[in-house]
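To start, the structure under review is shown below, and the notes come after it.
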Amino acid sequence: MTDDAREDENGTTAGGNAEVDVTIFVCTNCREAMDSEARPGIGLIEALKLATEGKPLAVKPVTCLANCDKSPSAAFNHRSGWSYVFGHLSTDNVDDIVAGAMMLAEDERGFLPLRGRPMCLRGKGMTARIPPFHHHEDMPS
């Protein structure tokens, strides 16, 4: 882990971000093709780190998100809310990824609303949403 991905005891990252509300995990394992050494997640991480400076977002590498058919993939993890997994991303989507992560960070429920969500984070780009540990719903009647 690099220094700019580390947080101190106050939730401040070494890169200068205030408290981190959302962490964007990006898969580093998938390759462009089976016989290729190119890993598109690496470039996506570098572009996202630049684009998130000064925002309540952290960008961290993860070896695998098990979303290989939709590579490259990223996951948003809200500190006390929902998590989301997206695929079919690229460096062309950096502004939209940051916009979506900010929508999640700014939502008081820690939920990423569909309304206003960038297109790359909808439909075929959306893989899963995972409720927070404390989530509770009653069984439908």
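Sequential numbering from 1 along the given sequence is applied to the chain's residues.
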| request: Kindly determine whether T28 and I42 satisfy side-chain contact (heavy atoms from CB on, under 4.5 Å), including the steps that lead there. | output: CA-CA 6 Å; T28 61; I42 303 294; 3.9 Å; yes
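Annotation: ring-ring contact (aromatic ring centres under 6.0 Å, His included) contacts involving residues 114-133, sequence neighbours excluded, are absent.
Residue T91 comes nearest to A47 through the heavy atom pair CG2-CB, 4.4 Å, listed as atom of the first residue, atom of the second, then distance. The two residues R79 and D21 have their closest heavy-atom pair at NE-OD1, 2.7 Å. Residues S90 and L44 come closest through the heavy atom pair O-CD1, 3.5 Å. Taking each heavy atom of R117 and M126 in turn, the nearest pair found is NH1-SD, 3.5 Å. Contact detail for G41 and P72: the closest heavy-atom pair is N-CB, 4.2 Å.
Rounded to the nearest 0.5 angstrom, M119 CE and N93 CG are separated by 11.5 Å. The structure places CD1 of I45 at 11.5 Å from OG1 of T52, a figure rounded to the nearest 0.5 Å.
With hydrogens and angles disregarded, a donor-acceptor distance shorter than 3.5 Å links the side chain of R39 to the backbone of N29. A donor-acceptor pair is defined here as one N or O able to donate and one able to accept, closer than 3.5 Å; no such pair exists between the side chain of K70 and the backbone of L89. Between the side chain of R129 and the backbone N or O of V85, no donor-acceptor pair lies under 3.5 Å. A side-chain donor-acceptor contact under 3.5 Å links Y84 to the backbone of L112.
With sequence neighbours excluded, the residues that form a side-chain hydrogen bond (donor to acceptor under 3.5 Å, both in side chains) with D138 are H136. Shown here are the side-chain hydrogen bond (donor to acceptor under 3.5 Å, both in side chains) partners of N67, two or more places apart in sequence or in another chain: S73, T127. Partners of F76 under the ring-ring contact (aromatic ring centres under 6.0 Å, His included) rule, at least two apart in sequence or in another chain, are F86.
V62 shares a hydrophobic cluster with F25, L65; the chain of contacts runs through ILVMFWY side chains whose heavy atoms sit under 4.5 Å apart.
Side-chain contact, S83 with N77: a donor N or O sits under 3.5 Å from an acceptor N or O.
Looking at heavy atoms from C-beta onward, R122 lies out of side-chain contact with C120 at the 4.5 angstrom threshold. Side-chain atoms of V20 and P56, non-hydrogen and from C-beta on, never get closer than 4.5 Å to each other.
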Quick one: side chains of residues 96-111, donor-acceptor pairs under 3.5 Å with protein atoms, not counting sequence neighbours, listed by atom name and distance.
residue	atom	partner	partner atom	Å
D107	OD1	R109	NH2	3.0
D107	OD2	R109	N	2.9
D107	OD2	R109	NE	3.2
D107	OD2	G110	N	3.3
D107	OD2	F111	N	3.2

